[in-house]
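Each remark here refers to the structure printed beneath this line.
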Amino acid sequence: MTWSFETEPDFQEKLDWADAFVREEVEPLDVLWPGLVFTPPDDRRRAVLDPLKDQVRARGLWATHLGPELGGGGYGQLKLSLLNEILGRSSWAPVIFGCQAPDTGNAEIIAHYGTPEQKDRYLQPLLAGEMFSCYSMTEPQGGSDPALFKTRAVKDGDEWILDGWKFFSSNAKTAAFLIVMAVTDPDVSAYQGMSMFLVPSDTPGVNIVRDVGLGGEALGEGSHALIHYDGVRLPTEALLGGEGQAFAIAQTRLGGGRIHHAMRTIGMAQKAIDAMCERALSREVQGGMLSDKQFVQGYIADSYAQLAQFRLFVLYTAWTIDKHNDYRKVRKDIAAVKVLMPGVLHDIALRAIQVHGALGVSNEMPFHGMLLGASVMGLADGPTEVHKLTVARQVLRGYRPSEDDWPSSHLPRRLAAAREKYAEHLEHEVGNL
Ligand SMILES: Cc1cc2nc3c(=O)[nH]c(=O)nc-3n(C[C@H](O)[C@H](O)[C@H](O)COP(=O)(O)OP(=O)(O)OC[C@H]3O[C@@H](n4cnc5c(N)ncnc54)[C@H](O)[C@@H]3O)c2cc1C
């Protein structure tokens, strides 16, 4: 029997340390330097950030999503999940712990598909936290349907020439390199005809046309780039994996990214519950504390139960990934977690806002960012609807159609079958009457 809901004491000690460290040392950075998480640090910020990263390394908690061969702890997804719940409280924490998206997914695919030269050039500095990267796949005319992608890479002697547009390429402006998905064979399906390229950001022809921000950011500010790749010349060594392998590589990358977002979402939602409970115990209305009002108690109970269910599902999925050591075998549950994630964060953030009254919707509390975050979770790495299709398809694989026009659970059919099965006993019963 291997089911257990307990954490090994050694790892629990690490989690306790991480919890206190994030609250005391890292969360202050969220209010001190918001929006600078993916900006390469200047000397002043380095003086604060580097010693914090050193402490994480000394505890063996740096880049825990990676195996020891790549400088990580090799803890696996279940332990990573417990740690990520803590990191999800803070936008700076993933960077301080060397496990921030989208670099984690990008590192994973270079580790998996890269040549030794590509690993030296891109992977090592990425893992050391020395550079940021960008994943450039979505296009202005199509995001969730890869069959609509138009960006082309054409062979010209021993070079590739890359042309096309990409949209919402996060962190392009601060990334040292971009991983670009392009059509290399338009005569086959998108699933076989696209390839991935490693493109240094300073390559001539990589033009960031504008940075797009999220709601609340001023026009022209933001970190999601519209990019025009304009005759970008790349050596053959820029190809990541084989020709036509982009879709398979993307699935490797996105599987991990999705479940890691879910782990961090637990931390963010827990933070909203913490705030909601504190407020309920602190605020008085109509002769009592908010915590005495049944509606508010309902908000708290619903939030607790909703998050507990989601957390168990995420932990179970992480455990299953560790068991199979292959994201593809856990596609159904990763997709189901992805479907639930926006709703859990949205509902809990909304209740936290309500309990805080006007202060809750103000820019002096973090909840509006969580609401936006919930919408982002329903889009980034694929929209909810598409993941529901995946879940349904995978669930349906476990079923067969009924033998004829009547369902197998149709009571007359079942009664007839039951009578046949126990015919001998039924005759005896009748005989005794
Ligand atoms: C904060 C953020 C960061 C991002 N970062 C990156 C990045 O770094 N790199 C990158 O390449 N992309 C990035 N994206 C883009 C993201 O991957 C796309 O937004 C996503 O794939 C959806 O594509 P789309 O926005 O073009 O929406 P569309 O494909 O136009 O879909 C719009 C809507 O149509 C509906 N829909 C779509 N397909 C179906 C279907 N089959 N059945 C029913 N309804 C459907 C859904 O409601 C969906 O939301 C990011 C997005 C966000 C919000």
Side-chain angles (χ1 to χ4, degrees), residues 15-37 81-97 100 214-217 260-315 340-378:
L15 292 174
D16 293 342
W17 176 82
D19 190 52
F21 178 75
V22 168
R23 281 171 202 272
E24 288 158 25
E25 311 292 334
V26 185
E27 285 191 53
L29 302 178
D30 294 337
V31 281
L32 197 60
W33 296 326
L36 289 177
V37 176
S81 194
L82 295 168
L83 179 65
N84 264 339
E85 289 176 6
I86 295 169
L87 307 192
R89 300 179 59 85
S90 154
S91 54
W92 269 96
V95 168
I96 301 294
F97 282 71
Q100 73 281 3
L214 298 180
E217 290 180 293
H260 297 161
H261 274 311
M263 297 167 182
R264 287 188 291 265
T265 296
I266 296 170
M268 213 186 294
Q270 183 61 52
K271 204 168 169 170
I273 294 181
D274 294 348
M276 193 188 327
C277 291
E278 184 195 75
R279 185 69 170 180
L281 289 169
S282 316
R283 187 82 168 173
E284 199 179 332
V285 287
Q286 295 186 351
M289 302 309 288
L290 278 180
S291 56
D292 297 328
K293 308 293 177 194
Q294 284 189 346
F295 276 117
V296 174
Q297 290 171 347
Y299 293 151
I300 292 168
D302 288 346
S303 301
Y304 171 79
Q306 205 175 358
L307 186 58
Q309 283 180 28
F310 180 65
R311 179 171 185 252
L312 285 174
F313 194 10
V314 172
L315 289 171
L340 290 176
M341 173 166 47
V344 171
L345 185 58
H346 170 272
D347 293 353
I348 294 175
L350 206 59
R351 292 181 198 121
I353 287 177
Q354 197 67 17
V355 170
H356 282 78
L359 186 63
V361 288
S362 75
N363 60 3
E364 295 182 358
M365 294 303 287
F367 308 126
H368 63 289
M370 292 182 187
L371 273 189
L372 186 63
S375 295
V376 166
M377 294 304 166

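Not measured: the values here are computed from a predicted model. Positions are given from 1, in the same order as the sequence printed here.
Heavy atoms from other residues, nucleotides or ligands lying under 6.0 Å from CD of Gln354 number 12 at most. Heavy-atom neighbours of Phe313 CZ from other residues, nucleotides or ligands within 6.0 Å: above the threshold of 12. For CD of Gln297, the number of neighbouring non-hydrogen atoms (other residues, nucleotides, ligands) closer than 6.0 Å is greater than 12.
Inter-residue side-chain proximity for Leu29 and Leu36 is flagged as unmet; no heavy-atom pair is nearer than 4.5 Å. At a threshold of 4.5 Å between non-hydrogen side-chain atoms, the residues Phe97 and Val22 count as touching. Residues Gln306 and Arg351 meet the side-chain proximity criterion, which asks for heavy atoms closer than 4.5 Å. Within the 4.5 Å cutoff, the side chain of His368 has no heavy atoms near those of the Val361 side chain. Between Ser303 and Met276, the closest side-chain pair of non-hydrogen atoms falls below 4.5 Å. Two residues are said to be in side-chain contact when any heavy atoms from C-beta on lie closer than 4.5 Å; Ile273 and Ile300 fail this criterion. Looking at Gln309 and Leu340, their side chains never come closer than 4.5 Å, going by heavy atoms from C-beta outward.
Closest heavy-atom contact between Ala374 and Pro342: O-CB, 3.3 Å. Arg311 approaches Glu85 most closely through the heavy-atom pair NE-OE2, 2.7 Å. Residues Gly360 and Phe367 approach most closely at O-CD1, 3.6 Å, considering heavy atoms. Asp19 approaches Ile86 most closely through the heavy-atom pair CA-CG2, 3.7 Å. Of all heavy-atom pairs between Met370 and Met268, the closest is CE-O, 3.7 Å. Ala272 approaches Ala352 most closely through the heavy-atom pair O-CB, 3.9 Å.
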Item to check | Stepwise side-chain contact (heavy atoms from CB on, under 4.5 Å) check, Glu364 with Leu359 | outcome: CA-CA 7 Å; Glu364 295 182 358; Leu359 186 63; 4.3 Å; yes
Next on the checklist: Using the rule given for side-chain contact (heavy atoms from CB on, under 4.5 Å), can you reason through Met377 versus Thr265, listing the C-alpha separation, both sets of side-chain angles and the distance that settles it, and then say yes or no?
Outcome noted: CA-CA 9 Å; Met377 294 304 166; Thr265 296; 3.9 Å; yes
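Note: Glu27 CD to Arg89 CZ = 4.5 Å, rounded to the nearest 0.5 Å. For the atom pair Gln270 CD and Ile348 CD1, the distance stands at 8.0 Å (nearest 0.5 Å). Atoms OG and CZ, on Ser91 and Arg264 in that order, are 11.5 Å from each other to the nearest 0.5 Å. Annotation: the span from Leu372 atom CG to Leu345 atom CG amounts to 10.0 Å, rounded to 0.5 Å. The line from CG of Asp302 to CG of Leu307 is 12.5 Å long, rounded to the nearest 0.5 Å. Between Asp347 atom CG and Phe310 atom CZ the span is 11.5 Å, to the nearest 0.5 Å.
When atom types are taken as modelled, the side chain of Trp33 and the backbone of Trp92 share no donor-acceptor pair closer than 3.5 angstrom.
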